[in-house]
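Report on one structure; see the data block that follows.
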Amino acid sequence: LRILVCSVLTVTRNADWKDNYTLFSADIKKLPNDCELNFYMANEITGKFQNNYESSPGDLIQADQESIGYINRAIAIYPDFGEAHAALCKIYDGLRMFDSAITHDSRALALNPANSIASYNLARAYYYLKQYPQAIEFFKKTLSLQPGLVYASLNLARCYADNEQYDSAIVYFNKTLATD
């Protein structure tokens, strides 16, 4: 009897294994308070639409909003989930909601000061808000964590140029050219 029950459960579960999105969608109904499952669900939603070239801007915004809901649920369950804060920042950055991006990236960095992605995204948010001293600080931090990151070096040079610190801009433009 046990073999029969297990076989039936396995067969019914096979439909859930079509892809990660289908699997996570089925599991989230059973485990709505699993912080990692909410996080993975958000990533699948975002990835599903970002990787589909036929997605309209409206589809992408809707996917981002749905992802925000899942990530916020993950953070409500486990407030110190640094990866979730960093992922939320990336979405807010894409939506040009830089104040929210800064809030979550700051939290991600507080939880893990060695998170170069959070540092880079925080620098970008400050750059877009034209808060150049803060942007410079975090682009430098990013380069200390990941010295060969060309985009950080290039954007640091742009910060210096936009802040009319041309000597420093030239130094980092040259470093960027030497690297790439």
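The shown structure was predicted, so the numbers you read here are calculated from the model rather than taken from an experiment. Position 1 is the first residue of the sequence; numbering continues from there.
Contact annotation: the side chain of His85 never approaches that of Asp80 to less than 4.5 Å [non-hydrogen atoms, C-beta and beyond].
In this structure, Leu111 and Pro79 approach most closely via the heavy-atom pair CD1-O, 4.3 Å. In terms of heavy atoms, Pro113 sits closest to Leu145 at O-CD1, 3.7 Å. Minimum heavy-atom separation, Ala161 to Phe173: CB-CE1, 4.4 Å. Of all the heavy atoms in Ser153 and Thr176, the pair that sits closest is OG-OG1, 2.8 Å. Across Ala108 and Gly82, no two heavy atoms sit closer than the pair CB-O, 3.6 Å.
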Legend entry - Check against ring-ring contact (aromatic ring centres under 6.0 Å, His included), Tyr160 and Tyr166: CA-CA 6 Å; Tyr160 279 124; Tyr166 300 115; over 10 Å; no
Inset, instruction - For the pair Leu109 and Lys141, evaluate side chain to side chain contact (heavy atoms under 4.5 Å, CB included) and give the outcome as yes or no after the intermediate values. - result: CA-CA 11 Å; Leu109 275 174; Lys141 178 178 175 69; 4.0 Å; yes
Inset, instruction - Kindly indicate, with the supporting measurements, whether the criterion side chain to side chain contact (heavy atoms under 4.5 Å, CB included) is fulfilled by Ile71 and Ile75. - result: CA-CA 6 Å; Ile71 295 173; Ile75 290 171; 3.9 Å; yes
Inset, instruction - Starting from the C-alpha separation in whole Å, work towards a yes-or-no answer on side chain to side chain contact (heavy atoms under 4.5 Å, CB included) for Asp105 and Asn115. - result: CA-CA 10 Å; Asp105 252 336; Asn115 186 333; over 6 Å; no
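Considering NZ of Lys30 and CG of Leu37, their distance stands at 10.5 Å, rounded to 0.5 Å. Ile91 CD1 to Asp64 CG: the interatomic distance, rounded to the nearest 0.5 Å, is 5.5 Å. The CD atom of Gln131 lies 11.0 Å from the SG atom of Cys159; values are rounded to the nearest 0.5 Å. One finds the CD atom of Glu83 at 10.5 Å from the SG atom of Cys35 (value rounded to the nearest 0.5 Å). Put simply, CZ on Arg73 and CE on Met41 are 9.5 Å apart, with the number rounded to the nearest 0.5 Å. How far CD of Glu66 is from CD1 of Ile61: 14.0 Å, rounded to the nearest 0.5 Å.
Ile28 and Ile45 fall within the same hydrophobic cluster, defined by Ile, Leu, Val, Met, Phe, Trp and Tyr side-chain heavy atoms under 4.5 Å apart, directly or through other members. Taken together through direct or relayed side-chain contacts under 4.5 Å among Ile, Leu, Val, Met, Phe, Trp and Tyr, Ile68 and Tyr78 form parts of separate hydrophobic clusters. Grouping the Ile, Leu, Val, Met, Phe, Trp and Tyr side chains by contacts below 4.5 angstrom, directly or via other members, places Ile136 with Val171. Hydrophobic clustering (ILVMFWY, side-chain heavy atoms < 4.5 Å, transitive): Ile102 and Phe139 are in one cluster. Linking Ile, Leu, Val, Met, Phe, Trp and Tyr whenever their side-chain heavy atoms come within less than 4.5 Å leaves Leu88 and Leu129 in two separate clusters.
For Asn163 (side chain) and Gln165 (main-chain N/O), no donor-acceptor pair under 3.5 Å exists by modelled atom type. In terms of modelled atom types and a separation under 3.5 Å, the side chain of Lys140 and the main chain of Leu156 share no donor-acceptor contact. Asn38 contributes a side-chain N or O that, together with a main-chain N or O of Asp34, makes up a donor-acceptor pair within less than 3.5 Å.
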Using distance only, find each side-chain donor-acceptor pair of residues 117-128 under 3.5 Å and give its atom names and separation, not counting sequence neighbours.
unit_1	atom_1	unit_2	atom_2	d
Ser119	OG	Phe138	O	3.1
Ser119	OG	Thr142	N	3.4
Ser119	OG	Thr142	OG1	2.8
Tyr120	OH	Asn155	ND2	2.9
Asn121	ND2	Ile117	O	3.4
Arg124	NH2	Asp93	OD2	2.6
Tyr127	OH	Arg158	NH2	3.4
Tyr127	OH	Asp162	OD2	2.4

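The ring of Phe39 has its center closer than 6.0 angstrom to the ring center of Phe81.
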